[in-house]
Amino acid sequence: MAERMLKFVTAPKAMPEKRAAEVRRHGFREIYEEFAREKAAEQAARCSQCGVPFCQIHCPLQNNIPDWLKLTAEGRLEEAYELASATNNMPEICGRICPQDRLCEGNCVIEKGFESVTIGTVERFITENAWEQGWVRPPKPRRERPESVGIVGAGPAGMAAAEQLRRKGYQVHVYDRYDRIGGLLIYGIPSFKLEKSVVERRGKLLADGGITFHLNFEVGRDATLGDLRARHDAMLIATGVYAARDLMVPGVGLGNVHPALDYLIASNRKGLGDAVPAFEDGTLNAAGKHVVVIGGGDTAMDCVRTAVRQGAKSVKCLYRRDRANMPGSLREVKHAEEEGGEFVWLAAPEALLGDGEVRAVRAVRMHLGLPDATGRQAPEPVEGSHFTVDADMVVKALGFDPEDLPTLFGCPELALTRWGTVKADLRTGMTNLEGVFAAGDIVRGASLVVWAIRDGRDVAESIDRYIRGKGENAMALAS
Ligand SMILES: Cc1cc2nc3c(=O)[nH]c(=O)nc-3n(C[C@H](O)[C@H](O)[C@H](O)COP(=O)(O)OP(=O)(O)OC[C@H]3O[C@@H](n4cnc5c(N)ncnc54)[C@H](O)[C@@H]3O)c2cc1C
Ligand code: SF4
């Protein structure tokens, strides 16, 4: 082992080639190229096989990172893929969009002085290579089971659960109100972070494995939760969180003020080749406009970078805390700045100004005061520090809350937490309704893809135990 590994002393950290910001600004392709095989092996060999793999401990999926790095360094790529996919239903997606700087790579023990192993890009390389070689196969159970499971939501939580349940032989039906599979992977996250063909390929694999997708099917409109419970032996709610938090300032009702997801969905649909009237008539197109994005998370960053690519005259992001205290990934801030987005830190909007249409944002400078109950420093306005920013378009990216599912689903008895998320047993994922489980953002609140996959996998185990338990009880009663 020692011969091949421990190369962090001699081989510096390297990422795949990143296209120049000037080129990136004009298109929606992913910004990194693929690693060549030798480069992936070299970078994997930087791992010291440290014996205390904090990378693995800090991965929500507990991916066996040290072992697949070693196999990659040795050129044993099929085994590396088998290992990477044993704990993750979409390693090529996590390799692209996980905030590795906060998870595996941020905790790699060789980081100090030598910089971490580039785990995400090696993970992406292993899985892309597996797709090319035909090693990624649809879920095919050894034996079919008669029981069926209904899943509401074809995002990463629903997709992961569907695949795991199908592998066990269940008849799996996934219902989604969108016309495509992927949830936020397809319509939220822009293609410069995750190209849509990568998501479509995964969706097709699940359908090829016998999972039935009912698209354009909105639970609440096309069926109640009760109707679906009557059709299936168990149900999973994996609907994500979609109620956009609003800006509470005067002028928010002016024209050209848009919720972030409307803006991103329009852009993603356009990229997928759909007709998008609100984009074509200019409403949701930033071309030639002064754009102000309000918020400091990943969604805000995605809006900034989308507006740059659409040819905005200027793009400013207003955030009330500073760079160190923003929730979004610092890696993404760097990309956005390189591409020409401007961050106005410690600034909060006070009013949107205009006459029918928005023309400017009046903002105030903030400073960070004492920590609040959550431990974060509370931003406070600096008196007399008002300023105005030109804006022909404002995008509100202030985060998401859960929708009112009991009302929407025609199921008032579904229990919620005080945050409006679905209340699910921490151990089993079951809600207060017998045989109805929940997973992903709708339980956790807005989170990460990797957590949605983890939750989907865990809840699939619980659903399997639940259905088998029901069968055993029925047999015991009959005997
Ligand atoms: C703009 C943006 C960028 C992001 N970037 C990143 C990133 O870079 N990295 C990262 O790890 N995470 C990122 N996230 C977060 C990540 O996308 C989510 O945490 C993850 O998608 C949650 O998965 P989920 O399956 O729980 O829900 P979702 O992905 O939201 O999927 C839920 C699905 O349920 C469907 N649905 C909802 N209600 C109904 C209904 N009544 N009937 C039928 N179907 C319904 C929806 O149509 C959707 O397809 C980002 C989020 C956003 C908004
Ligand atoms: S923490 Fe770093 S050095 Fe240790 S096993 Fe993980 S990648 Fe290798």
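Not measured: the values here are computed from a predicted model. For ligands, and for the atoms within them, numbers begin at 1 and follow the listed sequence.
Atom 2 (Fe) of ligand 2 lies at 2.8 Å or more from every N, O or S atom belonging to Cys50. Using a cut-off of 2.8 Å, one finds that Cys108 contributes no N/O/S atom close to atom 8 (Fe) of ligand 2.
Under a cutoff of 6.0 Å and an axis angle of 45°, Arg309 and Phe192 form a cation-pi pair. Arg305 forms no cation-pi arrangement with Phe28, by the criterion of a distance under 6.0 Å to the ring centre and an angle within 45° of the ring axis. For Arg201 and Trp131, the positive end sits near the middle of the six-membered ring, less than 6.0 Å away and at most 45° from its axis.
Salt bridge Lys39/Glu42: present, at least one basic N to carboxylate O contact under 4.0 Å. Between Glu123 and Arg96 no salt bridge is recorded (no basic side-chain N to carboxylate O distance below 4.0 Å).
Counting protein heavy atoms only, atom 3 (S) of ligand 2 is closest to Ser48 OG, 3.3 Å. Nearest to atom 8 (Fe) of ligand 2 among the protein's heavy atoms is Cys47 SG, 2.3 Å. Among all protein heavy atoms, the one lying closest to atom 6 (Fe) of ligand 2 is Cys55 SG, 2.3 Å.
Distances shorter than 4.0 angstrom occur between a heavy atom of Leu69 and an atom of ligand 2.
Those atoms of ligand 2 with a heavy atom of Pro66 less than 4.0 angstrom away are 5 (S).
Asp227 places no side-chain N or O within donor-acceptor distance of the main-chain N or O of Ala223, the cut-off being under 3.5 Å. Distance alone, capped at 3.5 Å, places no donor-acceptor pair between the Asn88 side chain and the Asn63 backbone. Put simply, the side chain of Asp176 gets close to the backbone of Ala154: a donor and an acceptor are under 3.5 Å apart.
Screening Lys196, Arg124, Arg24, Lys193 against Glu30 for a salt bridge (Lys or Arg N to Asp or Glu O under 4.0 Å) leaves a single residue, Arg124.
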Stepwise side chain to side chain contact (heavy atoms under 4.5 Å, CB included) check, Val333 with Phe343: CA-CA 8 Å; Val333 177; Phe343 289 86; 3.9 Å; yes
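Near ligand 1, residues Ile97, Val152, Gly153, Ala154, Gly155, Pro156, Ala157, Tyr175, Asp176, Arg177, Tyr178, Gly183, Leu184, Gly188, Ile189, Lys193, Phe217, Glu218, Val219, Ala238, Thr239, Gly240, Tyr242, Leu264, Thr299, Asp302, Phe400, Phe409, Gly440, Asp441, Ser447, Leu448, Val449, Ala452 each place a heavy atom inside the 4.0 Å sphere around the ligand atoms.
For atom 1 (S) of ligand 2, the nearest non-hydrogen atom from the set Ile65, Asn64, Val109 comes from Val109.
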